[in-house]
Undergrad: 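One structure is given below, represented as structure tokens, and several questions about it will come after.
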Amino acid sequence: MTSPRAPGPRSRSTSPPEPPDARARFRRLRRAELPSETVALARFLIGCIIVSDVPPGRASARIVECEAYLPGDAAAHSFRGETARNRTLFMRRGHAYVYFIYGNHYCLNVSSERAGIGAGVLLRAGEPLTGIDLMRARRGVSAERDLCRGPGRLAQALGIGAAEDGLDLCAAGPLWLAAPRDGPGGRVAVGASVRIGISKEADRVLRYYVRDSPYVSGPKKLNS
DNA sequence: TCACTGATCGTCT
DNA sequence: GACGATCAGTGAG
């Protein structure tokens, strides 16, 4: 009948009580702060925060893993040129490219170059920060580690679907990027590896992740 | 922890 | 009609 795990239609909010952690404050990233080159942006995004205000409430996660998909990269969805599906990948940097994959899952990218150039950064995993109960409800699992570990899981936990495709992540809206939290522990060791789940250009080291983070996806040998 | 497999459906050739 | 930037479940080591 209906697709089982695709994010459902937005429920009509009946002013649910705001969980205490939803009041955490984040500073929205300005586009000028985003590096204008894909690899640099992928590295930059590690430690940044993705914030979803998709109803019924706020959920956010610290980005701990992402992959760069470059212009002219055979593994990138933009490789064959612009289509109806991937057109948001050709928007200027800082826009959401959301696509549906394997009949079950949505994945979120951040467009990464100037308008007209197809490239992006796939957000693969996050460490849940706020709205954890909401993520649990969306995901149907309780283990915090499994809420955002993997691109499909991350999108589902944040309530991201086709409706979020094309959103400006540097503007006010239901989905946006926030600066890393300052203070002790703000600086992390970033590792690099080959990308996961692709067959073309599979040897390129374009995946970045937080070393030793339990929230990173993929086999252990890629994460040391 | 890893390897394997089925589910599921939009997109593209 | 084939493929795919995945996930969850199962079984083996």
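Throughout, a chain's letter reflects where its sequence line sits, starting with A, and its residues are numbered from 1.
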Undergrad: In whole angstrom, give the distance that lies between atom CZ of Arg195(A) and atom P of dT6(C).
TA: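 Nearest whole value for this atom pair: 12 Å.
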Undergrad: At under 4.0 Å, does any side-chain N or O of Thr83(A) touch on OP1 or OP2 of dC12(B)?
TA: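 So the side-chain polar atoms of Thr83(A) do come within 4.0 Å of the phosphate oxygens OP1 or OP2 of dC12(B), strictly under.
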Undergrad: In whole angstrom, what separates Gln156(A)'s CD from dC7(C)'s C1'?
TA: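 Roughly 10 Å, once rounded to whole Å.
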Undergrad: Can you tell me if Gln156(A) and Arg139(A) form a side-chain donor-acceptor pair at under 3.5 Å?
TA: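 There is such a pair between these side chains.
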Undergrad: Under the criterion of centre distance below 5.5 Å and interplanar angle below 30°, is Tyr69(A) classified as stacked on the base of dA5(C)?
TA: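 Answer is yes, a stack.
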Undergrad: Does a side-chain N or O from Arg124(A) land closer than 4.0 Å to OP1 or OP2 of dT6(C), or not?
TA: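 So the side-chain polar atoms of Arg124(A) do come within 4.0 Å of the phosphate oxygens OP1 or OP2 of dT6(C), strictly under.
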Undergrad: Of all the choices, dC7(C), dT13(B), dT8(B), which nucleotide is nearest to the side chain of Asn104(A) once you look at every atom?
TA: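 Of dC7(C), dT13(B), dT8(B), dT8(B) is nearest to the side chain of Asn104(A).
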Undergrad: To the nearest Å, give me how far apart OH (Tyr102(A)) and C1' (dC3(C)) are.
TA: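 From Tyr102(A) OH to dC3(C) C1': 8 Å.
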Undergrad: With hydrogens left out and only the distance checked, is there a donor-acceptor pair under 3.5 Å joining Tyr99(A)'s side chain and the base of dA5(C)?
TA: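 Flag set: donor-acceptor pair detected.
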Undergrad: Does His77(A) place a side-chain N or O at less than 4.0 Å from the phosphate oxygens OP1/OP2 of dA5(C)?
TA: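 The answer is yes; a side-chain N or O of His77(A) sits under 4.0 Å from OP1 or OP2.
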Undergrad: Using whole Å, what does the distance between atom C1' of nucleotide dT6(C) and atom CG of Leu122(A) come to?
TA: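 Rounding to the nearest Å, CG of Leu122(A) and C1' of dT6(C) are 11 Å apart.
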Undergrad: Treating Ser52(A) as the side-chain partner and Ala59(A) as the backbone partner, does any N or O pair qualify as donor plus acceptor under 3.5 Å?
TA: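 Such a contact is absent between Ser52(A) side chain and Ala59(A) backbone.
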Undergrad: Given atom CG of Leu222(A) and atom P of dA5(C), what is their separation to the nearest angstrom?
TA: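 Atom-to-atom, Leu222(A) to dA5(C), this comes out as 17 Å.
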Undergrad: Can you check the Arg204(A) CZ to dA5(C) C1' distance for me, whole Å?
TA: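 Distance, rounded to whole Å: 14 Å.
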Undergrad: Using the side chain to side chain donor-acceptor pair (under 3.5 Å) rule, pick out the option among Glu113(A), Arg93(A), Arg43(A) that qualifies with Thr38(A).
TA: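 It is Glu113(A), the one option of Glu113(A), Arg93(A), Arg43(A) that forms the side chain to side chain donor-acceptor pair (under 3.5 Å) with Thr38(A).
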Undergrad: When you measure from the side chain of Ile198(A), which nucleotide among dC2(B), dA5(C), dG10(B) comes out closest?
TA: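 Closest nucleotide among those given: dA5(C).
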Undergrad: Quickly work out the Tyr97(A) OH to dG10(B) C1' distance and round it to whole Å.
TA: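 After rounding, the reported distance stands at 11 Å.
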Undergrad: Using atom CG of Leu123(A) as one end and atom C1' of dA5(C) as the other, report the distance to the nearest whole Å.
TA: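 About 12 Å, once rounded to whole Å.
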Undergrad: Below 30° counts as parallel, above 60° as perpendicular, anything between as tilted: where do the rings of Tyr106(A) and Phe100(A) land?
TA: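 Rings of Tyr106(A) and Phe100(A): tilted, as their planes differ by 30° to 60°.
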Undergrad: May I ask you to verify if any side-chain N or O of Arg153(A) is less than 4.0 angstrom from the OP1 or OP2 atom of dA8(C)?
TA: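 So the side-chain polar atoms of Arg153(A) do come within 4.0 Å of the phosphate oxygens OP1 or OP2 of dA8(C), strictly under.
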Undergrad: For Thr88(A), which of Asn109(A), Asp165(A), Val98(A) qualifies under side chain to side chain contact (heavy atoms under 4.5 Å, CB included)?
TA: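 Per the side chain to side chain contact (heavy atoms under 4.5 Å, CB included) rule, the option paired with Thr88(A) is Asp165(A), out of Asn109(A), Asp165(A), Val98(A).
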Undergrad: Does Arg139(A) place a side-chain N or O at less than 4.0 Å from the phosphate oxygens OP1/OP2 of dA8(C)?
TA: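 The answer is yes; a side-chain N or O of Arg139(A) sits under 4.0 Å from OP1 or OP2.
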Undergrad: In Watson-Crick or G-U wobble terms, both distances under 3.5 Å, what is the partner of dG6(B)?
TA: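 Its partner is dC7(C).
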Undergrad: Side chain of Phe100(A) only, please: which of dT13(B), dC2(B), dG10(B) is the nearest?
TA: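 My answer, after comparing the listed nucleotides, is dG10(B).
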Undergrad: Map Ala75(A) and Asp146(A) onto DNA chain C by nearest heavy atom, then report which one ends up closer to the 5' terminus.
TA: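 The 5'-side residue here is Ala75(A).
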